[in-house]
Amino acid sequence: MAGSGRRPSSALLVQPHSADAPEPAAAATLIGSVQRAMRLLETVAGHVYGAPAKQLARETGLALPTTYHLLRTLVHEGYLRREKGLFFLGDAAERLGSSGAQQKRRSAVAETLAHWRDAIGVPVYYAMYRDGEIEVMCVSDSPEVPAVEEWADFRATGHAHAIGQCLLSQLDEDARRDHLARYPVQPITPYTVRDNDALLRRLARVRRMEPVVERQEYVLGTVCAAVPITVGTTVATMAMSLPVSQADRLLPAAHRLQAEIGRHLGTLSLSISI
């Protein structure tokens, strides 16, 4: 199982105070026009059915000429749009909001994976099957529990790792065959399934909602388990890996992860489609 897309550390480096370092300014330099434009955007966002310039000037406390000037600029840049004298948020502002919401969802998933990593003592992976491709969306590991390195193209070797097998097991027969037509089975290790038909037979035997396990099929010395996630039409999985010397921990850890997912799926359901 591979560890592409690993989340970078967010720790901040704090420099010690130096007597020679310049003191921070009593008041930071602020750009007044930017502040006023932000106030206008926030005020427009509060009016689902739009608002005219005079109302916006009154609510923001801005002079009417200033308001008109900022509104024209924001419309020109796409952050606002004007319809019949009313101003609404534009496409550029909506893209910012969508991007912010997506980042918030990614953070929620990353924080949950980090919690499970520490609680269970395994690296935890989150992956999806989207637009015909296997995508690892987030990996949470640490020096104590490192993720498996992606040494063979991860998307092309779904037959060999637990993540790929778990995702493919959730597809219908036609979708599985389509995937294998694009990414046919190929030997990765001596333990890898040997051909497409053998893999299809294995996938057909996977019981619904049961963890999918592979032992040294993607990389020698590693065992992996993946738990299916079903939210609407989303095809997803949470997975883990362990050294083969700890193979006896794999299934108990997978069942614990599955129980954790079940307890938190309601709060994560809006986030896992990142």
Side-chain angles (χ1 to χ4, degrees), residues 1-14 103 105-130 133-169 183 186-193 210-229 236-264 268 271-272 274:
M1 187 155 40
S4 59
R6 186 171 303 166
R7 183 166 54 92
S9 170
S10 59
L12 297 177
L13 298 178
V14 180
Q103 289 179 8
R105 293 195 298 271
R106 288 181 182 273
S107 295
V109 171
E111 289 172 5
T112 302
L113 263 62
H115 170 72
W116 291 338
R117 174 201 67 204
D118 295 339
I120 304 174
V122 294
V124 183
Y125 312 72
Y126 171 60
M128 296 176 62
Y129 194 82
R130 188 161 59 179
E133 300 291 348
I134 294 168
E135 297 186 27
V136 177
M137 311 301 294
C138 187
V139 178
S140 185
D141 68 346
S142 70
E144 293 73 28
V145 285
V148 174
E149 293 297 331
E150 181 177 352
W151 72 275
D153 187 346
F154 196 75
R155 295 187 180 193
T157 56
H159 62 281
H161 45 72
I163 282 178
Q165 293 175 24
C166 187
L167 294 174
L168 292 174
S169 73
Y183 301 113
Q186 53 182 315
I188 303 297
T189 76
Y191 301 95
T192 308
V193 65
E210 281 295 308
V212 175
V213 173
E214 63 89 357
R215 293 178 170 84
Q216 304 190 83
E217 295 181 47
Y218 177 76
V219 61
L220 294 176
T222 300
V223 294
C224 304
V227 175
I229 297 176
T237 182
M238 297 278 185
M240 63 180 63
S241 60
L242 283 168
V244 70
S245 60
Q246 301 179 35
D248 58 327
R249 289 185 56 208
L250 188 64
L251 273 178
H255 285 131
R256 183 175 175 186
L257 177 62
Q258 191 165 36
E260 292 285 342
I261 293 170
R263 280 193 288 269
H264 294 85
L268 279 174
S271 301
I272 66 169
I274 57 176

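Please read all numbers here as calculations on a predicted model, not as lab measurements. In what follows, residues are counted from 1 in the order of the sequence shown.
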* Asked: Is any side-chain heavy atom of Phe154 closer than 4.5 Å to a side-chain heavy atom of His161?
  ->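 Yes, close enough: below the 4.5 Å cut-off.
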
* Asked: Tell me, do Gln165 and Glu217 make a side-chain contact under 4.5 Å, heavy atoms counted?
  ->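 They are in side-chain contact.
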
Which atom pair, heavy atoms only, marks the closest approach of [X] to [Y]?
X	Y	result
Tyr218	Thr157	CE1-OG1, 3.5 Å
Ala253	Ile120	CB-CG2, 3.8 Å
Ile163	Ala239	CG1-CB, 3.6 Å

Would you check if the side chain of [X] reaches a backbone N or O of [Y] as a donor-acceptor pair within less than 3.5 Å?
X	Y	result
Trp116	Arg256	no
Thr189	Gln216	yes
Ser241	Val223	no
His159	Val193	no

* Asked: Testing Leu113, Asp141, Val148, Thr237 for side chain to side chain contact (heavy atoms under 4.5 Å, CB included) with Tyr125, which one passes?
  -> Val148

* **Exercise: do Glu133 and Tyr183 side chains pair donor with acceptor under 3.5 Å** => yes

* Can you tell me how far the CG atom of Leu257 sits from the CE atom of Met240, to the nearest 0.5 Å? ->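 Output value for this atom pair is 4.0 Å.
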
